Amino acid sequence: MLLTEDVAWLLKGAEPHTASAPVPAPSPAPEEPEQCPVIDSQDVPLAPGSSLPPVLQEQEEECSQEQEECSLEQVQTLVVGEVLKDIETACKLLNIPADPLEWSSGNVQKWVLWTEHLYRLPQVGGAFQELGGREICALTEAEFRQRSPQSGDVLHAHLDIWRSEGEELWAEADSSCSGQPIHLWQFLRELLLKPHSYGHCIRWLNQEKGIFKIEDSAHVARLWGLRKNRPAMNYDKLSRSIRQYYKKGIIRKPAVSQRLVYQFLHPV
DNA sequence: CAACAGGAGGCCT
DNA sequence: AGGCCTCCTGTTG
């Protein structure tokens with residue numbers, strides 16, 4: 001969760017047009033028109049499972065010495081790749097298009113709720129109700145703050161990232177995410193695969209054995225409810241659905257039963 | 001008191 | 001019919 005937020009500030013500061021420039025249309029990257037769609041960051045020395053911050057620090061130190069442009073570009077490539085993956089995951093989990101311009105008012109509401117729960121922002125209530133994707137994208141940061149004095153600026157920053165990354169993803173995400181309904185076990189696995197985003201509410205105890213623990217039952221239930229459009233979802237009902245998996249051999253209680261700890265039977 | 005187990009009925013695709 | 005959602009009773013730590 002920290003990562004993406006750090007990334008938000010990093011991107012803001014690193015972008016050529018800083019601060020509140022009145023950007024009318026979602027501005028694609030002004031440079032490198034051809035090679036930017038490469039999401040896979042193979043040229044970057046980063047192990048798949050390793051965390052980002054140490055690398056960033058390393059790069060930034062180099063930045064301050066010399067080769068500012070080159071290092072900065074590497075960092076941006078790295079960061080953009082991570083952000084793209086995060087957005088892609090969120091799209092799948094929320095079942096909304098990656099491009100905010102395509103959002104319905106329901107999608108907007110979902111995104112707001114999701115973002116404020118993911119980053120534990122103060123709840124904005126209906127501040128953005130009845131707004132479609134195009135409308136919320138047209139709002140300035142000031143208007144965001146006006147509608148939500150407490151978290152409007154953060155929401156605006158996140159929407160900015162979605163806007164700049166969205167159109168690259170929407171074709172791919174559209175084909176992969178807006179499909180059949182996701183299963184609960186798939187949803188849980190997706191959360192578990194994004195520990196830096198969801199590790200505070202669900203995490204592996206032993207990934208090899210598929211054993212995981214729900215750290216914040218109410219939070220996980222809320223996210224599941226958002227995904228399924230079930231505002232009344234709670235852990236009591238979510239756990240009942242998990243229990244349905246017992247006889248199907250998808251999830252079980254581990255040998256030593258612990259509260260809020262479950263185990264996938266066919267780990268992947 | 002919250003998590004846990006599981007029956008039963010309804011709803012939707 | 002399968003996969004939940006909802007509501008329920010009862011048990012357990």
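Because the structure is predicted, anything quoted here is derived from the model rather than measured. Throughout, protein chains are lettered first and strands after them, A, B, ... in sequence-line order, and every chain is numbered starting at 1.
Between A:Y246 and the phosphate of B:dA5, there is a side-chain N or O to OP1/OP2 separation shorter than 4.0 Å. Listed pair A:S217 / B:dA3 meets the phosphate criterion, a side-chain N or O lying under 4.0 Å from OP1 or OP2. Contact check, A:W224 against C:dC5: a side-chain N or O comes under 4.0 Å of OP1 or OP2. In this model, the phosphate group of C:dG3 is not approached by any side-chain N or O of A:Y245 to a distance below 4.0 Å at OP1 or OP2. Within the 4.0 Å cut-off from OP1 or OP2 of C:dG3, not a single side-chain nitrogen or oxygen of A:K228 is found.
Look at NZ on A:K247: it is 16 Å from C1' on B:dC4, rounded to the nearest Å. For the pair A:F187 CZ and C:dC4 P, the computed distance is 12 Å after rounding to whole Å. Spacing between atom CG of A:N229 and atom C1' of C:dG3 amounts to 16 Å, rounded to whole angstrom units. The nearest whole Å value for the distance from the NE2 atom in A:H183 to the P atom in B:dT13 is 14 Å. The CG-P distance, from A:D216 to B:dA3, rounds to 10 Å in whole Å. Computed from coordinates, the A:I242 CD1 to C:dC5 C1' distance equals 14 Å when rounded to whole Å. Going from atom CG of A:L184 over to atom P of C:dC5 covers 7 Å, rounded to whole Å.
Two residues are said to be in side-chain contact when any heavy atoms from C-beta on lie closer than 4.5 Å; A:W185 and A:I242 fail this criterion. Between A:Y262 and A:S239 the shortest side-chain heavy-atom distance falls below 4.5 Å. A:L260 places a side-chain heavy atom less than 4.5 Å from the side chain of A:S217.
Within the 6.0 Å centre-distance limit, the rings of A:F144 and A:F128 are counted as a close aromatic pair.
Screening A:V154, A:L155, A:D160 for a side chain to side chain contact (heavy atoms under 4.5 Å, CB included) involving A:H158 leaves a single residue, A:V154.
Other residues, nucleotides and ligands contribute only 12 or fewer heavy atoms inside 6.0 Å of the CD atom of A:Q150.
In this structure, CG on A:D99 lies 11.5 Å from CD on A:E165, to the nearest 0.5 angstrom.
If you check every strand for non-hydrogen atoms under 4.0 Å, A:Y262 touches sugar and phosphate atoms only. At a threshold of 4.0 angstrom between heavy atoms, the contacts of A:K248 are confined to the sugar-phosphate backbone, with no base atom among them. At the heavy-atom level, A:Q186 lies nowhere under 4.0 Å from the strands shown.
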5' to 3', nucleotides 6-13 of chain C under a 4.0 Å protein heavy-atom cut-off (B base, S sugar-phosphate only, - none) gives BBB----B
